[in-house]
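The structure displayed is predicted, hence computed values, not measured ones. Proteins get letters first, then strands, A, B, ... in listed order; numbering begins at 1 in each.
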Amino acid sequence: MRLSQFHLATVKEIPADAEIASHRLMLRAGMIRKLASGLYTWSPLGLRVLRKVERIVREEMDRAGAIEMLMPSVQPKELWEESGRWEKFGDQLLKIRDRKEQEFCYGPTHEEVITDFARNELKSYKQLPVNFYQIQTKFRDEIRPRFGVMRAREFLMKDAYSFHLTQESLAETYAAMYQAYTRIFTRLGLQFRAVQADTGAIGGNASHEFQVLADAGEDAIAFSDGSDYAANVEKATSLPPVTTRPAAAADLQRVDTPRVRTVEDVCRHFGTSPDRVLKTLLVRGRDGLVALCLRGDHELNEVKAGKLVELPDEAVLAPEAEILAAVGAHPGFVGPVGLPDAIPVIVDRDAAVLADFICGGNADDTHYAGANWERDARITRVEDLRQVVEGDASPDGKGSLHLARGIEVGHVFQLGQKYAQALGATVVDDQGKNQVMTMGCYGIGVSRIVAAAIEQRHDEAGIVWPEAMAPWQVAVCVINPKNVPAVNEAAEALYRKLGAQGAETLLDDRGLRPGAMFADIELIGIPHRVVVSERGLAAGTLEYRKRDEAEARAITEEELFALLG
RNA sequence: CGGGGUAUAGCUCAGUCUGGUAGAGCGUUGCGUUUGGGACGCAAAAGUCGGGGGUUCGAAUCCCUCUGCCCCGACCA
C-alpha cells in the first residue's frame with residue numbers, strides 16, 4: 001500500500017478523558033472515531049487490524065471443526081420470551097419496534113437464535129455433535145460504556161454454539177475449543193491465561209475465561225506460582241487454614257466504643273490488627289437476615305455468598321433500617337455474640353479459627369473483646385466466603401496464589417440443556433427416543449482483542465503490534481523523494497521487491513519531513529521500518545529499525561528479506 | 001438510576017465569576033523557503049458559542065428547561 005493512496009488519520013490531540021493507553025492510542029493512530037457513546041467507526045487502518053484478528057480466529061475455529069454461519073443481528077421478542085430472557089436480560093437488551101409495532105431486540109448474544117435454528121435443523125443424533133459459529137456485531141446497552149472499544153456498546157464478537165447428545169461429547173468439544181483458543185491467543189502474540197470462571201446461575205462447573213494480562217484490565221484473576229491453577233477472583237479458592245482454633249484464653253468483655261464503626265476504627269481503638277477482628281455482614285436471606293462473618297482483613301466474595309442455600313441467588317447487604325430492627329444496632333456494631341437465634345451465622349473458614357477476637361456488640365457504640373466461638377457465639381456453618389488474597393495457598397496444594405489484572409477476551413462455557421430445554425430442541429437418539437440436546441457456547445471479543453493487545457504492547461511513541469496483528473509488516477520510509485529522484489526510484493524498487501516476496505508493505509511516499517513520517521509509523525506500530533535515503537544509497541545499505549528495539553542499524557537488502565522471513 | 005462535570009472553528013481548549021465587536025494552538029487552503037525526529041515565513045478560509053424559552057437597550061456569559069457527552073457509584077463480555 002502506498003500511504004499517499006491510503007487514508008491515514010493520525011492526530012496530535014485527543015480528548016482529555018481518554019483514560020487508558022489503548023483508547024488514547026487508537027484515537028491518536030486514527031484507528032477508531034467515536035460516533036456516539038459506546039459506538040465507534042473503524043477507520044481503514046483500524047479495520048486492517050480487526051481483520052487480522054478475525055482471520056486468525058476464523059482459521060483456528062475452522063481447524064477445530066467448527067462451521068461458520070451468520071445469524072441476524074436483530075431478533076424477535078418471541079424467541080427471547082421463550083427463553084425467559086426478554087425480562088431477565090434487563091436494560092442491557094436494546095429493544096426496538098418495527099413499523100407494525102412488532103418488538104425486537106438487537107442481539108447481545110445468540111443462544112436463542114442458534115437454538116431455534118438447531119431445533120428446526122437437527123433431528124437425529126447422527127447429526128451430532130456439531131459446532132456452529134459466526135463473527136458478528138453485537139449490541140449490549142452497557143450502563144457505562146468506557147475505555148473506547150474495550151467496553152463499547154456495539155462490538156464485534158465470535159460466538160460459537162455446539163450441540164451434543166451427551167455430556168461426554170460436550171466435554172470433548174469444550175476441550176477442542178479450549179485448545180483452539182489457546183492457539184488463537186498464542187498466534188496473536190498475547191500474554192494470556194485461561195482461568196476458571198464462575199458459571200453464574202446456570203450451574204455446571206466447566207467454564208474458563210481467557211484473560212489477557214494487563215494492568216488496565218477490569219477483571220481480577222488469581223493464579224498459582226506452583227501449578228497451572230488460575231481462576232477469576234470471583235471463583236478462586238484457597239486451602240482452608242492449616243491451624244486449628246486455639247483455646248479461649250480471654251474472658252468475654254463488653255467495651256464502650258463510641259463512633260468506632262469500621263475495622264480500621266476498631267484496630268485503632270483496641271491497638272490491634274485487622275486479622276484479630278471479626279467483621280459481621282448482614283445480608284438478605286431467603287427467610288430473614290443472614291449473618292456472614294469474616295476476618296477483618298478479608299473481603300466478602302459475593303459470588304460464593306450467593307451460592308449459600310440460605311441466600312437467594314445473590315448476596316445483597318441488608319439496608320440499615322432492617323439491621324436496626326432485627327439487631328438493635330447500626331451496621332458497624334453487629335456481631336455474632338448474642339445475635340437473635342433466627343439469624344443463621346455463616347462463618348468463613350479463616351474467621352472460624354479466630355480466638356479471643358473483637359466483634360460488634362449488637363448495640364450502638366459497643367464491641368466485645370475476648371470473644372470466642374462456641375463459648376460466646378454460635379456457628380451455624382463454616383464456609384469459604386472470602387475473596388482470595390495474595391499469598392494464599394493454592395487450592396491444589398501446589399504453590400501460593402498471586403493476583404493480577406486481566407482483560408477478558410474469550411470465554412468457553414458448558415451450557416448444558418438450559419436453552420435446548422426452554423426452546424424444546426431435541427433429537428431422536430439411537431433408541432428412537434427424543435432427547436434434549438446439550439449445548440456449549442464459546443465467545444471471543446474480537447474488537448476487544450485489538451484494545452487488549454495495545455494495552456499489553458505500547459510505549460511512549462505508540463503501539464507496538466505483535467507481528468500477527470500489525471496492519472502492515474514493514475514500512476518503507478523515503479526521505480526527500482521529491483528532490484532526489486534516485487532515492488525515490490530506490491524506494492519504489494524496494495517496495496516492489498518486498499511485495500513480490502509476499503511481505504505486507506507500506507510505502508510512505510507522502511514526502512513528509514522525516515520527523516513527522518517516523519512519528520506516524522511508530523504511532524501505528526509497524527513492526528519493521530526501513531529508511532531509504534540519499535545517505536544510505538551512497539553507502540549501499542538500508543537503515544532498519546525493529547519497532548521494539550531502541551536503535552536503528554544498517555543492513556543489506558538480502559538481510560532485510562531474511563529478517564522478514 | 002443517584003451524585004458531579006461539561007457542550008465555543010475540523011480537532012484540543014481559553015473566554016462565562018464581573019453581560020458590551022468571537023479567541024488561541026493544532027489542522028486545512030494558497031504562495032515562498034526548507035528536507036534525518038512532529039520545519040519556517042506571509043496570506044486566507046472556517047463558529048446558528050448544543051436546542052428551546054426567559055431577563056436585559058444588549059446574552060457565549062445571568063435564569064428556566066430539554067438533549068448529548070464525560071467522570072464517580074450501583075452493574076458488567
Side-chain angles (χ1 to χ4, degrees), chain A residues 8-20 23-24 27-28 30 33-39 89-93 107-110 138-159 195 197-198 200 207-212 217-220 232 234 302-303 314 316-317 319 406-413 441-449 451-452 460-462 477-484 487-488 508 510-523 529-539 543 545 552 554:
Chain A
L8 187 70
T10 57
V11 289
K12 288 185 186 156
E13 287 174 296
I14 50 162
D17 52 38
E19 291 177 288
I20 63 171
H23 188 194
R24 280 199 301 269
L27 289 171
R28 270 186 57 202
R33 294 280 189 244
K34 186 167 80 169
L35 178 65
S37 179
L39 302 178
F89 215 91
D91 292 334
Q92 260 201 60
L93 194 62
T109 178
H110 281 71
K138 305 269 194 273
F139 189 98
R140 295 184 192 173
D141 199 356
E142 290 288 344
I143 292 167
R144 234 184 89 194
R146 59 183 133 177
F147 304 148
V149 298
M150 186 81 83
R151 178 169 297 280
R153 293 194 293 178
E154 186 177 293
F155 56 100
L156 190 65
M157 183 171 179
K158 185 283 302 175
D159 48 328
V195 308
D198 180 58
S207 176
H208 287 85
E209 291 167 354
F210 285 77
Q211 298 271 358
V212 165
E218 295 183 272
D219 290 346
N232 191 304
E234 288 180 349
E302 293 185 21
V303 171
E314 50 180 359
V316 180
L317 286 174
I407 300 165
E408 186 184 347
V409 290
H411 199 157
V412 292
F413 203 136
C441 71
Y442 320 92
I444 286 183
V446 177
S447 47
R448 179 180 278 184
I449 284 174
E460 281 303 303
C477 294
V478 200
I479 310 264
N480 203 6
K482 285 169 188 160
N483 297 330
V484 189
V487 167
N488 191 35
D508 193 342
R510 296 176 296 175
L512 294 187
R513 299 170 69 86
M517 180 164 52
F518 296 158
D520 271 349
I521 297 301
E522 281 158 20
L523 175 59
R529 186 189 77 192
V530 187
V531 179
V532 179
S533 66
E534 222 173 343
R535 192 199 285 171
L537 223 51
E543 177 187 303
R545 182 172 163 195

Between B/C76 (P) and A/H411 (NE2): distance, integer Å: 14 Å
Atom pair distance, as rounded to whole Å: CG in A/L317 and P in B/G73: 17 Å
Taking B/G5 as the reference, what is the distance to B/C64 when you measure between their P atoms (whole Å, please)? 13 Å
When the P atoms of B/G54 and B/A59 are compared, how many Å lie between them, rounded to an integer? 12 Å
Would you call A/V532 and A/P481 a side-chain contact if the rule is heavy atoms closer than 4.5 Å? no
Checking N1-N3 plus N6-O4 or O6-N4 for Watson-Crick, or N1-O2 and O6-N3 for wobble, each under 3.5 Å, the partner of B/G68 is B/U6
How far does the P atom of B/A22 sit from the matching atom of B/C49, given to the nearest Å? 11 Å
What is the nucleic acid contact for A/A152, judged by heavy atoms within less than 4.0 Å: base, sugar-phosphate only, or nothing? base
Report the distance from atom CG of A/D508 to atom C1' of B/G36, rounded to the nearest whole Å. 14 Å
Take atom CD of A/E218 and atom P of B/A74, then tell me their distance rounded to the nearest Å. 13 Å
Side chain of A/I479 - closest among B/U35, B/A77, B/C1: B/U35
Please determine, for B/C17, whether a Watson-Crick or G-U wobble partner exists with both distances under 3.5 Å, and give it or none. none
To the nearest Å, how far apart are A/K158 NZ and B/A77 P? 16 Å
Give A/Q92 one of three labels, base, sugar-phosphate or nothing, depending on what nucleic acid heavy atoms sit under 4.0 Å from its own. sugar-phosphate
As a test of reading the structure: which of B/C75, B/A77, B/U35 is closest to the side chain of A/R151, going by heavy atoms? B/A77
Does B/G37 pair with anything, Watson-Crick or G-U wobble, both distances under 3.5 Å, and if so, with which nucleotide? none
Just verifying a value: how many Å separate A/I14 CD1 and A/H23 NE2, rounded to the nearest 0.5 Å? 7.5 Å
Rounding to an integer number of angstrom, what distance separates B/U55 and B/C13 when you compare their C1' atoms? 30 Å
Nearest-angstrom distance, C1' atom, B/G68 to B/G15: 22 Å
Between CG on residue A/N488 and NZ on residue A/K482, distance to nearest 0.5 Å: 10.0 Å
Below 3.5 Å is the cut-off: list the nitrogen or oxygen pairs between protein and nucleotides 2-10 of chain B, distance only.
none

Sticking with atom C1', work out how far B/U34 lies from B/G38, rounded to a whole angstrom. 15 Å
Looking only at side-chain N and O atoms, does A/T109 come under 4.0 Å of OP1 or OP2 in B/A77? no
Does A/R545 use its side chain to pair, donor to acceptor, with the backbone of A/V530 at less than 3.5 Å? no
Expected output: side-chain A/Q211 to main-chain A/I407 donor-acceptor under 3.5 Å: yes
Between CZ of A/R24 and C1' of B/C11 the distance, given in whole Å, is 18 Å
Pair A/E522 + A/R529, salt bridge at N-O below 4.0 Å: yes
Polar side-chain atom of A/K158 near backbone of A/G410 as donor-acceptor pair, under 3.5 Å: no
If you assign A/M150 and A/A36 each to the RNA chain B nucleotide with the nearest heavy atom, which residue ends up on the more 5' nucleotide? A/A36
Please work out if A/K34 contacts a base, only the sugar-phosphate, or nothing of the nucleic acid, heavy-atom cut-off 4.0 Å. sugar-phosphate
Taking the C1' atom of each, how far is B/A9 from B/A60, in whole Å? 14 Å
Within the structure shown, what part of the strands sits under 4.0 Å from A/P15 by heavy-atom distance: base, sugar-phosphate, or nothing? sugar-phosphate
Would you mind classifying the nucleic acid contact of A/I14 as base, sugar-phosphate or nothing, using non-hydrogen atoms under 4.0 angstrom? sugar-phosphate
Is any side-chain heavy atom of A/E218 closer than 4.5 Å to one of A/E408? no
Report yes if the side chains of A/R448 and A/M157 come closer than 4.5 Å at any heavy-atom pair, otherwise no. no
Distance-only donor-acceptor test, A/R146 side-chain atoms vs B/C71 base atoms, 3.5 Å: no
For B/C57 versus B/U12, give the span between their P atoms, rounded off to a whole number of Å. 39 Å
If you pin A/N483 and A/V409 to their nearest nucleotides in RNA chain B, which one's is more 5'? A/N483
Paired to B/C42 by Watson-Crick or G-U wobble criteria (both distances under 3.5 Å) is B/G30
Heavy atoms under 4.0 Å is the rule here; annotate nucleotides 37-42 of chain B 5' to 3' with B where the base is hit, S where only the sugar-phosphate is, and - elsewhere. BBB---
Do A/L27 and A/V11 have side-chain heavy atoms sitting under 4.5 Å apart? no
Whole-Å distance separating the CG atom of A/L8 from the P atom of B/G27: 15 Å
Side chain of A/E13 - closest among B/G36, B/C26, B/A77: B/C26
Looking at A/P145 and A/R153, what are the two nearest heavy atoms and their distance? CG-CG, 3.6 Å
Starting at CZ of A/R510 and ending at C1' of B/G27, how long is that distance when rounded to a whole Å? 14 Å
Can you confirm whether A/L39 sits close enough to A/F139 that some side-chain heavy atom of one is under 4.5 Å from a side-chain heavy atom of the other? yes
Kindly compute the distance separating CG (A/D141) from CZ (A/F89), expressed to the nearest 0.5 Å. 11.0 Å
Watson-Crick or G-U wobble mate for B/C1, both contacts under 3.5 Å: B/G73
Considering every strand and a 4.0 Å limit on heavy-atom distances, what is the contact class for A/D219: base, sugar-phosphate, or nothing? nothing
Pairing partner of B/A60, by Watson-Crick or G-U wobble and under 3.5 Å for both distances, is none
